[in-house]
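So that the names make sense, note that chain A is the first sequence line, chain B the second, and so on, each numbered from 1. Any value given below was found using the heavy atoms of this structure, including those in side chains, with hydrogens, waters and symmetry copies removed.
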Amino acid sequence: MRFILRRLGFLLLSLWAAATINFVLPRLMPGNPAILMIGRFKGQISPQALHALELQFGVTHTPLWSQYLTYLNNLVHGQWGLSLTYYPVPVSKIIAESLPWTVGLVGVATVLSVFIGVMMGIWTAWHRGGKWDAILPTVSTFTAALPYFWLALILLYLLGYLWHWFPMAHAYSSSLTPSWSFAFISNMLYHAILPALTIIISSIGGWLLGMRNNMVQTLGEDYVLFGEARGLKSNRLMFQYAARNAILPSMTGFAMAIGFVVGGALLTEVVFSYPGLGYQLLAAVQNEDYPLMQGLFLIIAFSVLVANFLVELLYGKLDPRTRGGASH
Amino acid sequence: MSQAAHNDPQPPVIMTPPHRSSRWKEWSGIIKRDKRPLVGIIILLIFILGAIFAPWLTPYSPSSTEFTPLAAPSWHHWLGTTSSGQDVWAQFLYGGRISLSVGFFAGFIATALAVILGMLPAYLGGWIDTVMATFTNIMLVIPGLPLLIVITAYVHQTGPVTIALVIGLTGWAWGARILRAQTLSLARRDFVIAARLAGETQWRVLIGEILPNMLSLVVANLVFATIAAILAEASLEFLGLGNPTVITWGTMLYWADAGQALLNGAWWWIVPPGLAIALVGLSLSLINFGVDQVSNPRLRLNKVKVPKSRKGASS
C-alpha cells in the first residue's frame with residue numbers, strides 16, 4: 001500500500017512538472033513568442049478568445065503567480081483553450097479524436113515489441129556463444145539505431161509505393177466511415193500494419209539487447225547452477241528461474257524506453273499521415289497553434305507518465321523488494 | 001573494513017601509471033576477443049574522415065543547383081541529384097559535418113551535466129540528493145522528443161547550435177541516474193572510506209577516487225547520449241524544425257520528403273542520409289560493446305567452447 005501511494009505521489013508530482021514546463025516555456029523565451037501568434041490572429045477570432053490567449057501565454061500584466069494559478073485551475077477543469085487552426089474547436093476535442101489512434105498504435109506495437117524482443121533476448125542468452133547470439137545482437141544494434149521516420153519512409157517506399165502491398169497513408173480508407181463493422185476494422189488494421197511494423201522494428205532491438213545482458217548475468221548466479229544440478233528441466237530453469245529475475249532490470253528501463261517509442265511513433269505518424277497526436281502536434285507547430293501544441297504536449301506527457309505508473313505497479317508486484325516498508 | 005587500504009603501501013600518485021597501462025591492456029584484450037568495438041571505430045572514422053575531407057572527395061558544392069534534377073546515380077553524380085538539382089553525394093559528405101558535430105557536442109553537454117548532476121548530489125547526500133534524484137526521475141519520464149519539438153517551436157530560427165544546446169540540456173537524466181547509483185555504491189567502498197579517513201578533501205575524493213572508477217560508465221554515457229542526440233537532431237530537422245537551409249543529414253531528409261522523393265522513385269535521395277545516421281549509431285553502439293565489457297566483465301566473450309553455452313556466463 002505504501003508502495004502504491006509513493007508511486008502515486010511521484011505520478012502526481014511528474015504530472016505537475018509537465019504542466020509547469022508547459023506554463024514556463026513560452027514565458028521563458030526571449031520576446032514571448034506568443035505575442036507574434038496573438039498578433040497574427042487578431043481580428044480573426046473573438047475578443048474573448050483573444051483575451052483568453054493573452055492570459056494563457058502571459059501577454060498580460062497580472063502577476064505571474066496568479067497567471068499560474070489560473071492556468072492550473074483551467075487545466076484541472078479541462079479548459080485547455082481553443083485551437084487556432086480549427087477555430088473555434090476546443091483543444092480537448094481534437095485531443096479526444098487523435099488520442100485513441102496513437103494509444104492504439106503505440107500500445108499494440110509496444111506490447112508486441114516487448115514480448116518478441118524479450119523472448120529473443122532470453123533465447124540468445126540461453127544459447128550464448130552460438131550462431132544466433134552473434135547475429136541477433138548485432139542486427140538489433142543496427143535496427144535500434146535506425147531513425148524511426150527514415151525506416152517509415154523506406155517501408156513506405158518498398159511495401160507501399162513499389163510493391164503496393166499496403167496503403168501509403170491515413171488510418172483508414174477515406175471512402176469508409178468509422179464504425180464497429182468488420183469491413184471498417186479490417187481496413188483500419190490493414191492501414192495500421194506499416195506504422196506498427198516501423199515501431200516494432202525500431203524498438204525491438206533495445207528489448208532484445210537489454211534482456212540478453214540481464215539474462216547472461218542471471219544465468220551466472222548460483223541458484224541457477226543449483227537448479228541445474230538438481231536436474232531441473234531446461235524450460236523451467238530458463239523461464240521460472242532465470243528469465244523471471246532477468247526481466248526486472250528491463251522493466252526499470254521502461255521509463256526511458258517508452259519515451260523513445262512515443263517520440264518515434266510521433267514521427268512515424270507524420271510519415272504515414274496517421275491522424276494521431278504526433279501528426280496533430282506537427283500541424284500545430286507548423287501553424288503556430290500554441291494552444292493546441294501545449295495541449296498535445298501535455299496529453300502525450302500524461303499518457304507516458306500514466307503508462308509508466310502502471311508498469312511500476314506491475315514491477316512492484318513482480319519484485320517484492322521494491323515495495324519495501326513494513327507491508328509484509 | 002579498510003584492510004585493502006592498509007595492505008596497499010603505494011600512495012595514489014605513484015599508482016597512476018601502472019593503473020593506466022593495465023586499462024590499456026584490458027582494452028586490447030577485449031578487442032582481441034571481440035572485434036565489434038574495432039569495427040565500430042572503423043565505421044565511425046570513415047564518416048568523420050568523409051566529413052572532414054569533403055572538399056577533396058567531391059568537386060561539387062552541396063548547395064549548387066546547377067545539375068539536372070532527380071537524376072539517378074551515375075558516374076558524374078555518385079548518389080544522383082535532388083529535385084532542385086543538387087548533388088546528393090556532396091550534400092551527404094558536407095551534411096555529415098554538422099550532423100556529427102551537433103551529435104557529439106550535444107552528447108558532450110548531456111554527459112557533462114549527467115556527471116555533475118548525478119555525482120555531486122549523490123556524494124553530498126541529504127536533502128540536495130533527494131531533490132535532485134526526484135528532479136532527475138521527473139526529467140527521465142517526461143518524453144524527450146515532444147519536449148524538444150515544443151521548445152524548438154517557441155525558439156524561432158533554430159540553427160544547429162541551438163538544437164545541440166536544447167538536446168544537450170534536456171538529455172542528461174538517464175546518465176545522471178546511472179552515475180548517481182554508481183556514486184552511492186562507490187562511496188561506501190573501502191578505498192573511498194580510506195581516502196576520507198586519510199584526510200582527503202571531498203573534492204579530491206570525488207574527482208580522484210570516485211570519478212576514475214566510473215570512467216567506463218561516463219564513456220558509455222557519452223556514446224549513448226551522442227547516438228540519442230544524432231537521432232534527435234535528425235528527427236527535429238526532418239520535421240522542419242531546424243534551419244532547412246543548413247545542409248545536414250536531417251535537412252536532406254526534410255527536403256527529400258518535401259520534394260516528393262518517394263513518389264518520384266528517388267531512393268538515392270532518401271537512403272544515404274538515413275543509412276548514415278543508422279551506421280553512425282551502429283558504430284557508436286559497437287564501440288559501446290567494448291566499453292560495457294570494461295565495466296562489466298561478465299559480458300566479455302571468451303573463446304573457450306563450453307558444451308552448454310550458458311556455462312560461459314560464470315567465467
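B:Asp257 touches chain A through its side chain: at least one heavy atom from C-beta onward sits under 4.5 Å away, while N, CA, C and O do not. Looking at A:Val271, the atoms closer than 4.5 Å to chain B (heavy atoms on both sides) all sit in the side chain, from C-beta outward. For chain A, the nearby part of B:Leu253 is the side chain; its heavy atoms alone come within less than 4.5 Å.
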Worksheet item: So B:Thr248 and B:Thr251, side-chain hydrogen bond (donor to acceptor under 3.5 Å, both in side chains) or not? Walk me through it.
Response: CA-CA 5 Å; B:Thr248 70; B:Thr251 54; 3.3 Å; yes

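Ring pair B:Phe47/B:Trp249 is perpendicular by interplanar angle, where above 60° counts as perpendicular and below 30° as parallel.
Annotation: maximal heavy-atom pairing with chain B below 4.5 Å, among A:Asp222, A:Leu267, A:Ile258, occurs at A:Leu267. Here A:Tyr161 is the residue among A:Phe302, A:Tyr148, A:Tyr161 with the most heavy-atom pairs under 4.5 Å with chain B. Between chain A and the residues B:Ile151, B:Leu148, B:Leu231, the largest count of heavy-atom pairs under 4.5 Å involves B:Leu231. Put simply, of B:Leu263, B:Leu284, B:Ile149, B:Leu279, the one with the most heavy-atom pairs under 4.5 Å next to chain A is B:Leu263. Of all the listed residues (B:Asn288, B:Leu275, B:Ile277, B:Ile230), the one sharing the greatest number of non-hydrogen pairs under 4.5 Å with chain A is B:Leu275.
Outside the 6.0 Å centre-distance limit, the rings of B:Trp268 and A:Tyr157 are not counted as a close aromatic pair. Aromatic pair A:Phe272/A:Tyr279: centroids not less than 6.0 angstrom apart.
For the residue pair A:Thr143 / A:Ser140, no side-chain donor-acceptor distance below 3.5 Å is found, with atom types taken as modelled.
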